[in-house]
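See below for the structure under consideration.
All heavy atoms count here, side chains included; hydrogens, waters and symmetry mates do not.
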Amino acid sequence: MENKSHYDVIIVGAGPAGVGLGSIFMQMGIKNFVILEREYIGSSFKKWPEEMRLLTPSFPGHGFGLLDLNAVVPSTSPGYTFQTEHLSGEEYAEYLEAVAHHFKLPIKFGVNVTEIDKVEEGFVLQTNDGTYNAEFVVWAGGEFQYPNKNVFPGAELCLHNSEVTSWGEIEENEVIVIGGYESAIDAAINLIHYGKQVTVLAKEEVWSDDHPDPSISLSPYTFDRLEEVMDCEDLILRGKSKVIKVEQADEGYVIFLESGEEIFSSTRPIIATGFKSSLSLIIEHFYYDENNTIELSDKDESTVSEGLFLVGPQVRHQDVIFCFIYKFRQRFAVVAKEIGEQLGMEINEELFEHYRKSNMLLDDLSCCDNSCQC
């Protein structure tokens with residue numbers, strides 16, 4: 001296959017992580033880099049169900065030092081752009097497109113990265129568009145496009161929430177949703193609004209969890225919406241109901257619980273069981289600890305393949321989870337500065353101080369504490 005030009009840096013993925021990091025590269029003056037995107041900017045967001053919204057509120061407060069929680073570049077605000085607090089997937093993808101256009105990001109579309117090989121000079125990326133070479137690679141692949149459909153035997157018989165275009169298209173009157181976190185509760189709430197009878201089967205009672213970190217418990221936005229329908233007789237929330245298997249029956253489906261109970265459903269169950277990390281495509285380049293957490297350097301560099309960096313919702317550092325945009329955007333500048341230094345560039349300290357003042361440069365993880373004292 002054709003061998004493409006050699007780049008200093010290749011970013012894989014043009015979602016919020018890829019666009020946000022690429023914007024810093026442009027401001028730093030890095031010329032020889034490219035973003036490889038297999039579909040289009042923000043493609044994961046455009047595939048959300050029509051009713052799905054960003055959990056974190058958008059609000060234009062950067063004039064007072066409070067950056068919009070969903071912005072990926074300082075002095076921008078999705079909330080201002082669309083005059084709404086909770087953007088749809090389509091709206092957020094439009095925001096990312098506007099940022100990419102403003103910074104004239106070098107994005108190549110239709111390029112699907114299938115393999116990354118570490119070589120002496122850096123990396124070779126195998127793609128459907130030939131091979132690409134780079135000294136550094138930043139993996140910014142998303143998760144929504146990799147639904148987890150193998151969580152239990154028979155899961156393939158169910159409908160994954162990522163395959164739903166709109167909850168209004170569900171024709172059945174009685175629906176069982178398997179899962180208990182954000183996606184499952186979002187599905188249940190929307191189905192109730194469409195007049196369906198909904199039963200949620202979850203292994204834990206997440207709706208009763210008051211953990212202060214929304215990466216672990218339900219977000220306030222979801223809690224608020226759930227409160228509105230909690231007393232609806234058409235909604236049944238069942239915790240301690242872990243599903244271990246689904247089988248097809250003559251007139252429907254049988255759902256087997258860990259407790260030994262069997263539940264019959266005349267309609268196809270919906271699973272909201274999360275997503276596999278896109279890192280499964282290049283898993284050999286990362287070390288996982290005993291808790292199955294990716295081990296990264298303090299600059300978010302792989303501890304297996306030097307020169308390979310990770311940005312986005314898969315980033316973890318001990319108990320600190322970066323799965324929201326307002327969290328993982330704080331590591332863009334950390335990665336960008338490290339790559340710039342390794343490239344031998346003169347670092348524009350004013351740029352990085354601007355990012356720090358905008359709460360977009362977090363290099364001291366000891367301050368990350370979600371506990372609430374009130």
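Residue L362 comes nearest to F322 through the heavy atom pair CD2-CE2, 4.1 Å, listed as atom of the first residue, atom of the second, then distance. Considering all non-hydrogen atoms of both residues, A188 and V198 come closest at CB-CG1, 3.9 Å. Nearest heavy-atom pair across I11 and A140 is CG2-CB, 4.1 Å. Scanning both residues, F264 and A249, for their nearest heavy atoms gives CE1-CB, 4.2 Å. Here the closest non-hydrogen pair linking E37 and S43 is OE2-OG, 3.6 Å. Considering every non-hydrogen atom in both S358 and P74, the closest pair reads OG-CB, 3.5 Å.
A 6.0 Å sphere centred on CZ of F82 holds more than 12 heavy atoms belonging to other residues, nucleotides or ligands. Counted within 6.0 Å of CD on Q318, heavy atoms from surrounding residues, nucleotides or ligands total 12 or fewer; the atom is thus considered open. Counting heavy-atom neighbours within 6.0 Å of D319 CG, excluding the residue itself, gives a total of 12 or less. Around atom CD of E306, no more than 12 heavy atoms belonging to other residues, nucleotides or ligands sit under 6.0 Å away. Environment of CZ in F275: crowded, with over 12 heavy atoms of neighbouring residues, nucleotides or ligands closer than 6.0 Å. Around the CD atom of E251, the shell of radius 6.0 Å holds no more than 12 heavy atoms that belong to other residues, nucleotides or ligands. Around atom CD of E171, no more than 12 heavy atoms belonging to other residues, nucleotides or ligands sit under 6.0 Å away. More than 12 heavy atoms of other shown residues, nucleotides or ligands fall within 6.0 angstrom of atom NZ in K46.
The cationic group of R356 does not satisfy the cation-pi geometry with F352, failing either the under 6.0 Å distance to the six-membered ring centre or the 45° limit from the ring axis.
Taking the six-membered ring where tryptophan is involved, the planes of Y221 and H86 are essentially parallel, since the angle between them stays under 30° and well short of 60°. Between Y132 and Y7, the ring planes are parallel. Angles under 30° get that label, and only those over 60° would be called perpendicular.
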* So I271 and V246, side-chain contact (heavy atoms from CB on, under 4.5 Å) or not? Walk me through it. -> CA-CA 11 Å; I271 55 172; V246 171; over 6 Å; no
Which is it for E341 and K299 under the salt bridge (charged side-chain N to carboxylate O under 4.0 Å, His left out) test, yes or no, and what are the steps along the way?
-> CA-CA 12 Å; E341 290 176 348; K299 307 297 183 184; over 6 Å; no
Go through it in stages, so that I can follow the logic: the residues are F25 and D8, the test is side-chain contact (heavy atoms from CB on, under 4.5 Å), and I'd like the CA-CA distance, side-chain angles, deciding distance and then a yes or no.
CA-CA 11 Å; F25 283 172; D8 290 333; over 6 Å; no
Determine, stepwise, if the pair E204 / K240 fulfils salt bridge (charged side-chain N to carboxylate O under 4.0 Å, His left out). CA-CA 5 Å; E204 303 291 344; K240 311 298 183 183; 3.5 Å; yes
In sequence, state the C-alpha distance, the side-chain angles, and the governing distance for I185 and F223, and then conclude on side-chain contact (heavy atoms from CB on, under 4.5 Å). CA-CA 9 Å; I185 301 303; F223 264 123; over 6 Å; no
Practice prompt. Begin from the C-alpha positions of E349 and K337 and carry the test salt bridge (charged side-chain N to carboxylate O under 4.0 Å, His left out) through to its verdict.
Written response: CA-CA 9 Å; E349 295 295 347; K337 189 173 185 180; 3.4 Å; yes
Derivation and outcome, side-chain contact (heavy atoms from CB on, under 4.5 Å), residues F136 and L343: CA-CA 9 Å; F136 298 98; L343 286 171; 3.6 Å; yes
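Listed for the R329 side chain is a donor-acceptor partner under 3.5 Å among the backbone atoms of A71. Looking at R53, its side chain never comes within 3.5 Å of a backbone N or O of E85 through a donor-acceptor pair. Judged by distance alone, with hydrogens and angles left aside, the side-chain atoms of R38 form no donor-acceptor pair with the main-chain N or O of V113 at under 3.5 Å. The backbone N or O of Y253 lies less than 3.5 Å from no partner atom in the side chain of S265, so there is not a single donor-acceptor pair. Judged by distance alone, the side chain of N32 and the main-chain N or O of H6 form a donor-acceptor pair under 3.5 Å. The backbone N or O of I116 lies less than 3.5 Å from a partner atom in the side chain of H285, making a donor-acceptor pair. Side chain of K196 to main chain of E172: a donor-acceptor pair is present (N/O by atom type, distance under 3.5 Å, no hydrogens or angles). When atom types are taken as modelled, the side chain of T76 and the backbone of V73 share a donor-acceptor pair closer than 3.5 angstrom. For N128 (side chain) and G110 (main-chain N/O), a donor-acceptor pair under 3.5 Å exists by modelled atom type.
Taking CE of M230 as the reference point, atom CG of L237 lies at 5.5 Å (rounded to 0.5 Å). To the nearest 0.5 Å, the span separating CD on E350 from CD on Q27 amounts to 12.5 Å. For the atom pair CD of E94 and NE2 of H101, the computed distance is 13.0 Å after rounding to the nearest 0.5 Å. In this structure, CZ in R225 is found 12.5 Å from CD1 in I192, a value given to the nearest 0.5 Å. A distance of 5.0 Å separates CG in L257 from CD in E261, rounded to the nearest 0.5 Å. M26 contributes atom CE, which lies 8.0 Å from atom NZ of K104 (distance to the nearest 0.5 angstrom).
Counting only N and O atoms by type, the side chains of S278 and Q314 include a donor and acceptor under 3.5 Å apart. No side-chain donor-acceptor contact under 3.5 Å links N148 and T273. With hydrogens and angles left out, the side-chain atoms of T165 and E50 include no donor and acceptor closer than 3.5 Å. With no hydrogens or angles considered, a side-chain donor-acceptor pair links H317 and D300 at under 3.5 Å.
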